[in-house]
Structures are given as structure tokens and as C-alpha cells.
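These values consider heavy atoms only, across backbone and side chains, with no hydrogens, waters or symmetry-generated copies. In what follows, chains carry the letters A, B, and so on, assigned in the order in which the sequence lines appear, proteins first and then strands, with residues in each chain numbered from 1. Here the structure is a predicted model, which is why all the values come from computation and not from measurement.
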2 protein chains.
Amino acid sequence: MHDHHALLDHVMKEMPDDSTLDNLTRLFKVFGDRTRMRILYALSLEEMCVCAISEYLKIEQTAISHQLRVLRESRLIKSRREGKTVYYSLDDSHVHSIISEGYEHITEVH
Amino acid sequence: MHDHHALLDHVMKEMPDDSTLDNLTRLFKVFGDRTRMRILYALSLEEMCVCAISEYLKIEQTAISHQLRVLRESRLIKSRREGKTVYYSLDDSHVHSIISEGYEHITEVH
DNA sequence: ATATAATATGAATATCAATTCATATGAACG
DNA sequence: CGTTCATATGAATTGATATTCATATTATAT
């Protein structure tokens, strides 16, 4: 293996700490699932209750509930209860901007 | 289950098509891995060869190579060969902006 | 109090993706 | 041309995570 002293010194100094990188990774992992991405996109258009999401995406209610918990724990969505129904909506402006940046990347012509 | 006609009509009209959503998901999945996130961050600081990345992250060369391929296929990094050595660097300005948006989210106080 | 509707949750299963292992390729050099 | 170094790749294994299944919770209505 050849030498990389100078290079690695610089990188080591500038890299964020492990916990920051892990938090970043955890966040993007949440966007990296087909079901969650669809839920997020739908909620960016309308506040929706669990069974509306389930009906629209044609995915079982319990699978949706599990994913809503993941999204809630990442503080990307929030819920409010109205009687038996629980309504979900986006809880963060970054959802829009993160998705838009991603969208720009995938639609870029090369 | 109660009724959601009007709501779902609107969501259906505005949602991007399946392939767009799948491409978005695929992209964010790439950011959602500890090893790849570290590689991307390091490459955002310096152009690096495979063995420098491997040495720095203390991860076997072959695992790094596999992940570099994933990153290349997502058009997030590019490579150039110089003799036996292959140097990698970022291939897209969106890497910076996507990571920054994520960073803002995780550092936000609630 | 019981029944029903909407949602949530724990555990088991199924699916998918990262790492490892073995080996191949490509380049420089004697 | 054989050896060494840097990197890449296919297949096997391991590890992680999404979905399903069974069931619990919460609220409303009769």
C-alpha cells in the first residue's frame, strides 16, 4: 500500500464526528424505502389518515402503521387524533427540500 | 373504513409516477448506508484512491470497491486511473446540497 | 357493558443488501 | 514473461429491515 499521510490528516480533521454521520445516515435511510417515500410524498400533498394512506398505496394498514412510526421517530411527520381517526402530515420543511434536491439529481441529463 | 374519494383523487393527480418515485428511493438508499456516507463525506474533502479510503475507514478494500461501484452507478462519484491507482472524487454538486439539507434537519432544535 | 371502527404494536417470517472470501483484471517493473 | 501492487468482481454468508400475523389499544355508539 502506498502512503497517504498528508491526505488522511486533512480528511481526519474535517470529517464530522461519528454520531453526526450516523444520524445523517439514519435520516437518509428513512427516505430510502419505497413505501416511506410514497407516504412522505402523499403527505406533502395532503394531510391523511392511516386508512386513506393504506387504501391509496394498497398496502396493509399494519405495514403503514409501522412505517408511520419510523417517520414519526425521525420527526418527519406529526399526527393529530380526531375521534377514532389519526391524521398525519409533514412535520418539517426539510422533507420538501431534501426530496427536491434528490429529484434534481435523478432528472439531470448527462 | 370511511370515505376518502376527494382526497385520494387529488393525491393521485399530483403524485409523480412510480418510476420517478423508485428512482428517488434508490438515490436516497445510497445515502442511507454508514460506509457510503463516510466515503461520500471524505470524497467531498479530497480526491482519494481506493486504498486511502480503505485505510482511513478501516474497512477492507473489497468492501470499499463494492460500495464505490454503487456510488458510481448512482452517478455520485467518478474515477480516473493513474497507473495502478484509481482516484475517486465527487461527480455531482447535489451530493453537497443533499447532505446539507439532511444535516440541517438532524441539527435542528425542537 | 358490548360491539365496532381505526390505529398501534410485538413477535415471527420473509426479503434484501452489506461484507467476506476467493479470485480475476490491469498496470508497472525487473 | 513472471511478479507485485492496486483495484474489481462473482458467489456465499451474514446481518438488517420490511411485511405479515395475531392481538392490543383507543374512541364512539347503541
Side-chain angles (χ1 to χ4, degrees), chain A residues 1-5 7-8 21-23 25-40 42-43 47-74 76-89, chain B residues 1-4 7-8 21-40 42-43 47-74 76-89:
Chain A
M1 203 199 308
H2 57 270
D3 179 74
H4 320 98
H5 264 71
L7 187 82
L8 294 193
L21 285 169
D22 285 346
N23 288 338
T25 303
R26 238 190 308 277
L27 174 67
F28 287 117
K29 199 172 284 178
V30 173
F31 287 87
D33 174 83
R34 188 187 155 91
T35 301
R36 287 191 295 262
M37 176 59 73
R38 271 151 233 261
I39 295 176
L40 283 175
L43 294 183
E47 179 187 66
M48 291 171 85
C49 63
V50 180
C51 69
I53 300 172
S54 169
E55 182 186 344
Y56 173 56
L57 298 183
K58 296 179 184 58
I59 294 176
E60 296 210 34
Q61 173 267 318
T62 124
I64 298 290
S65 276
H66 281 297
Q67 297 300 359
L68 287 171
R69 185 163 51 80
V70 174
L71 292 167
R72 238 185 304 116
E73 284 169 357
S74 312
L76 296 172
I77 63 174
K78 60 176 187 285
S79 64
R80 70 180 176 86
R81 181 178 274 275
E82 205 172 277
K84 284 173 287 188
T85 317
V86 177
Y87 291 96
Y88 282 89
S89 58
Chain B
M1 202 201 308
H2 58 269
D3 179 73
H4 321 98
L7 187 82
L8 294 193
L21 285 169
D22 286 344
N23 288 338
L24 266 178
T25 303
R26 237 190 308 276
L27 174 67
F28 286 117
K29 198 171 286 177
V30 173
F31 286 88
D33 173 84
R34 187 186 156 88
T35 301
R36 287 192 295 261
M37 176 60 72
R38 271 152 231 262
I39 294 176
L40 283 176
L43 294 183
E47 179 186 67
M48 291 171 86
C49 63
V50 179
C51 70
I53 301 172
S54 169
E55 182 186 345
Y56 174 56
L57 298 182
K58 295 178 185 58
I59 294 175
E60 296 210 34
Q61 173 267 316
T62 123
I64 299 290
S65 276
H66 279 298
Q67 297 301 359
L68 287 170
R69 184 162 51 80
V70 174
L71 292 167
R72 239 187 301 118
E73 282 169 358
S74 313
L76 296 172
I77 63 174
K78 60 176 186 285
S79 64
R80 70 181 176 86
R81 180 178 275 274
E82 203 172 278
K84 284 174 287 189
T85 318
V86 177
Y87 291 96
Y88 281 89
S89 58

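- Within the 3.5 Å criterion, the main-chain N or O of B/Ile59 finds a donor-acceptor partner in the side chain of B/Ser54.
- Within the 3.5 Å criterion, the main-chain N or O of B/Gly83 finds a donor-acceptor partner in the side chain of B/Arg81.
- Taking atom CG on B/Asp33 and atom P on C/dC16, their separation rounds to 17 Å, with Å as the unit.
- As a whole-Å value, the separation of B/His4 NE2 from C/dA6 C1' is 10 Å.
- Atom CG in B/Leu68 sits 5.0 Å away from atom CD1 in B/Ile39 (nearest 0.5 Å).
- Whole-Å rounding puts the A/Met48 CE to C/dA6 P distance at 15 Å.
- OP1 and OP2 of C/dT4 both lie 4.0 Å or more from every side-chain N or O belonging to A/Lys84.
- Across the interface with DNA chain D, nearest-nucleotide mapping of A/His2 and A/Thr35 shows A/His2 to be the residue nearer the 5′ end.
- Rounded to whole angstrom, the span from the CG atom of A/Asp3 across to the P atom of D/dA6 amounts to 11 Å.
- For B/Ile39 and C/dA18, the CD1 to C1' distance is 12 Å, given to the nearest whole Å.
- B/Tyr88 comes within 4.0 angstrom of sugar-phosphate atoms only, judged by non-hydrogen atoms across all strands, and of no base.
- In this structure, A/Thr85 reaches the sugar-phosphate backbone alone: every heavy-atom distance under 4.0 Å involves primed, P, OP1 or OP2 atoms, never a base.
- Among C/dT20, D/dT20, C/dA18, the nucleotide with an atom closest to any side-chain atom of B/Ala63 is C/dT20.
- As judged by a 4.0 angstrom heavy-atom cut-off over every strand, B/His66 is placed among the base-contacting residues.
- Atom-to-atom, CG of A/Leu68 to P of D/dT25 comes out at 20 Å; the value is rounded to the nearest Å.
- Residue B/Gln61 places a side-chain atom within donor-acceptor reach of the base of D/dA8, judged by atom type and a 3.5 Å distance cut-off alone.
- Using bins of under 30°, 30° to 60° and over 60° for the plane-to-plane angle, the ring pair A/Phe28/B/Phe28 lands in the parallel bin.
- Heavy-atom nearest nucleotides on DNA chain D were determined for A/Gly83 and for B/Ser65, and the one closer to the 5' end corresponds to B/Ser65.
- For the atom pair NZ (B/Lys29) and CG (A/Asp33), the distance works out to 6.5 Å, reported to the nearest 0.5 Å.
- A/Arg34 comes within contact range of no nucleotide atom at all, as no heavy-atom separation falls under 4.0 Å.
- A straight line from CD of A/Glu73 to P of C/dA8 spans 12 Å, rounded to a whole angstrom.
- Ranked by how close their nearest DNA chain C nucleotide is to the 5' end, B/Arg36 and A/Thr62 are led by A/Thr62.
- Look at NZ on A/Lys29: it is 13 Å from C1' on D/dA18, rounded to the nearest Å.
- When each of D/dT26, D/dT9, D/dA18 is scored by its nearest atom to the side-chain atoms of A/Arg81, the top-ranked nucleotide is D/dT26.
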